[in-house]
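Here is the structure we will look at, set down as structure tokens.
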There are 2 protein chains.
Amino acid sequence: MNVAIYLPSETKTQDWIRMMGELMPDWNFHPLTAVPDPEAIRYAVVWRPTTGCLRPFPNLKAIVSIGAGIDHVLADEDLPDLPIIRTVGTDLTQRMKEYVALHVLRHHRNMPALQASQARSEWAPVVVPPATRRRVGVMGLGNLGAEAAKCLSAIGFDVVGWARSPKTIDGVTTFSGAAGFGDFLDGTEILVNLLPLTDETRGILNNDTFNRLKRGASIINAARGPHLVDDDLLGALASGQIAAATLDVFHVEPLPSDHPFWQHPQITVTPHVASLIDAPTGSRIISRNLRAFEKDGTVADLADARRGY
Amino acid sequence: MNVAIYLPSETKTQDWIRMMGELMPDWNFHPLTAVPDPEAIRYAVVWRPTTGCLRPFPNLKAIVSIGAGIDHVLADEDLPDLPIIRTVGTDLTQRMKEYVALHVLRHHRNMPALQASQARSEWAPVVVPPATRRRVGVMGLGNLGAEAAKCLSAIGFDVVGWARSPKTIDGVTTFSGAAGFGDFLDGTEILVNLLPLTDETRGILNNDTFNRLKRGASIINAARGPHLVDDDLLGALASGQIAAATLDVFHVEPLPSDHPFWQHPQITVTPHVASLIDAPTGSRIISRNLRAFEKDGTVADLADARRGY
């Protein structure tokens, strides 16, 4: 079986080809940009494919997104109409819940203020309420959001969740749809975004959303850059409506070195590491999914292109 | 009933007198340094009492430590031989487990490196293993240590625990006594100290301990300053045996502004806030304990002065 692999970095493409080859020695992996026989390619494994890059392969059976989201695949306006397999797994869910727990706790315990005091060699205790009296709102309750919400609840936070359709999660009060969004935001002090990026969720982190939160709230965006209206965040930080933000994703990645987020005292920038799919972890998941799809013509983590996730 | 209150800060002493008075309007609370009738005092509620300061009260029935530990009370070399009531409660255990989870996650996810990259506006992803492949060792498995260990296990870490006597905690591999200490340390990458301070545990965070950990380990001390041999830590950070430390407690508090820990790039200093007992939280717990002791002559959280905790 022949597979084409594409990531924007050539070094990473080679890493993936080596790892996938070790796990599936009976399959052949080629860089998508240097395929010897395009008609022989049955699968494409891609991260941020360029427009039209999958057209040269007439016998493709499925596309594999190197990511839990498929927005970066759907961004190809000349995408063949084929099944798209998402990459999700316990390692990736684990990594996301760690990231969310870390950054919720950082804002809850006001670590940025304590670190600023340390920089001045100043002993300045900050009293915060226990997590049981701190409301955290999680937007998006798929694999990643549900596990993150459960973890926050285990730590002791008062957790609420919101998704497009109704969900039930032990220990978490859930809201759904446009009708439930305002109630979800009311009283939330730390807002975590784990939504898929779709036409409905693009720009959802905007002034209307920020103004509904408790004054001085914090924002954590670990989903996609275009969920956030950058200028609305800068304004809300200046006004004090939002006290602090942690951002892992951006409209343009890597975040350009002159972007105002980098040196903003109220913003923590992390370089898209919340749930990093490295080649060793990702290739294990993708090799299982490819074998399952090849055997049965389907797989558990099939995306719905019309829904967008 | 008459109670004397002492904290090193006069403002805080007045806060506690007001809060305790609101919760127990039928009792009388006085600053220990300005008691109208010393013979009428039955209880003393203290944080870091000065040597001999409890001698003027011949009819004391018990001493209340404003803290989970009693080392700061036992440091009074002229202490009357009386029951000592510790201050522990769900709010305090909750706060400690949040602090431990936050700082274990910070070291696990290498946040200090990511923050240094942000300071340089540099996009530099760091790949770390999932928490399931990271061993965290918790020293001390009393109320605080046991809850912290369970929380770390819920987040996904590979958790081991060590205490003086054998303990059983779901999801945590435990070791005990001097015989089990080396095995506990082997393979530990993040070491959390929550031990009581006793003659046996003073200086336990020393070179022998550091050298037994995995190279590049991190240290979190949220117990007492004298658990740590400061110079051993500075040496282990310089050699790379220890990569980073978070310290909440110090030999002298507040930490003197010229202490090398403040500006050390591998040390995070927090100003004794891990499980801060503020007057609103502490006075609720202490009022319940005082009423229970007055009624029954005992209370669940009685310390053992000979054992030291």
Side-chain angles (χ1 to χ4, degrees), chain A residues 90-95 97-99 101-106 108-111 114-115 117-134 147 150-151 153-157 250 253-259 261-263 267-274 276 278 280-281, chain B residues 90-95 97-99 101-106 108-111 114-115 117-134 147 150-151 153-157 250 253-259 261-263 267-274 276 278 280-281:
Chain A
T90 51
D91 268 17
L92 306 177
T93 311
Q94 172 63 37
R95 283 177 171 159
K97 84 178 188 185
E98 293 168 15
Y99 183 92
L102 167 56
H103 289 282
V104 167
L105 283 164
R106 274 184 78 238
H108 166 57
R109 298 290 294 232
N110 211 347
M111 264 312 282
L114 291 175
Q115 289 189 280
S117 296
Q118 180 177 354
R120 296 188 300 269
S121 302
E122 188 186 322
W123 185 271
V126 175
V127 181
V128 300
T132 47
R133 298 205 295 273
R134 185 82 80 180
E147 285 303 310
K150 280 189 250 179
C151 182
S153 176
I155 294 171
F157 287 101
F250 305 92
E253 295 179 13
L255 184 66
S257 60
D258 60 350
H259 196 285
F261 287 172
W262 278 116
Q263 298 302 323
I267 296 179
T268 302
V269 170
T270 59
H272 206 143
V273 291
L276 201 65
D278 57 350
T281 304
Chain B
T90 51
D91 268 18
L92 305 177
T93 311
Q94 172 63 38
R95 284 177 170 160
K97 85 179 187 186
E98 294 167 15
Y99 183 92
L102 166 57
H103 289 281
V104 167
L105 283 163
R106 275 184 78 237
H108 166 56
R109 298 290 293 230
N110 212 347
M111 263 312 281
L114 292 174
Q115 291 189 278
S117 296
Q118 180 178 354
R120 295 188 302 267
S121 302
E122 189 187 321
W123 184 272
V126 175
V127 181
V128 299
T132 47
R133 298 206 295 273
R134 184 81 81 179
E147 284 304 311
K150 280 189 251 179
C151 182
S153 175
I155 293 171
F157 287 101
F250 306 91
E253 294 178 12
L255 183 66
S257 59
D258 60 350
H259 196 286
F261 287 172
W262 277 117
Q263 299 301 323
I267 297 179
T268 301
V269 170
T270 59
H272 205 143
V273 292
L276 201 65
D278 57 350
T281 304

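We name chains A, B, ... by the order of the sequence lines, and we start the count at 1 in each one. As the structure is a prediction and not an experimental result, all values here were calculated from the model.
Side-chain contact check for A:M111 versus B:H103: some heavy-atom pair is nearer than 4.5 Å. In this structure, the side chains of B:R133 and A:D91 come closer than 4.5 Å at one or more pairs of heavy atoms. B:P125 has its side chain out of reach of A:H272: every pair of non-hydrogen atoms, C-beta onward, lies at least 4.5 Å apart. Between B:L114 and A:V273, the closest side-chain pair of non-hydrogen atoms falls below 4.5 Å. For the pair A:I155 and B:I155, the minimum side-chain heavy-atom distance is below 4.5 Å. In this structure the side chain of A:W123 reaches within 4.5 angstrom of the side chain of B:E253, judged on heavy atoms.
Using a 3.5 Å distance cut-off with no hydrogens or angles, the side chains of A:Q263 and B:S121 do pair a donor with an acceptor.
In this structure, no portion of B:V104 lies under 4.5 Å from any heavy atom of chain A. Proximity to chain A (any heavy atom under 4.5 Å) is restricted, for B:L276, to the side chain, taken from C-beta onward. Using a 4.5 Å cut-off between heavy atoms, B:P280 does not touch chain A at all. Within the 4.5 angstrom heavy-atom criterion, atoms from both the backbone and the side chain of B:R106 approach chain A.
In terms of non-hydrogen atom pairs under 4.5 Å with chain A, the most contact-rich of B:L255, B:T281, B:T270, B:D278 is B:L255.
At least one donor-acceptor pair closer than 3.5 Å links the side chain of B:Q118 to the backbone N or O of A:I267.
With rounding to the nearest 0.5 Å, the separation of OH in B:Y99 from NE2 in A:H108 is 13.5 Å.
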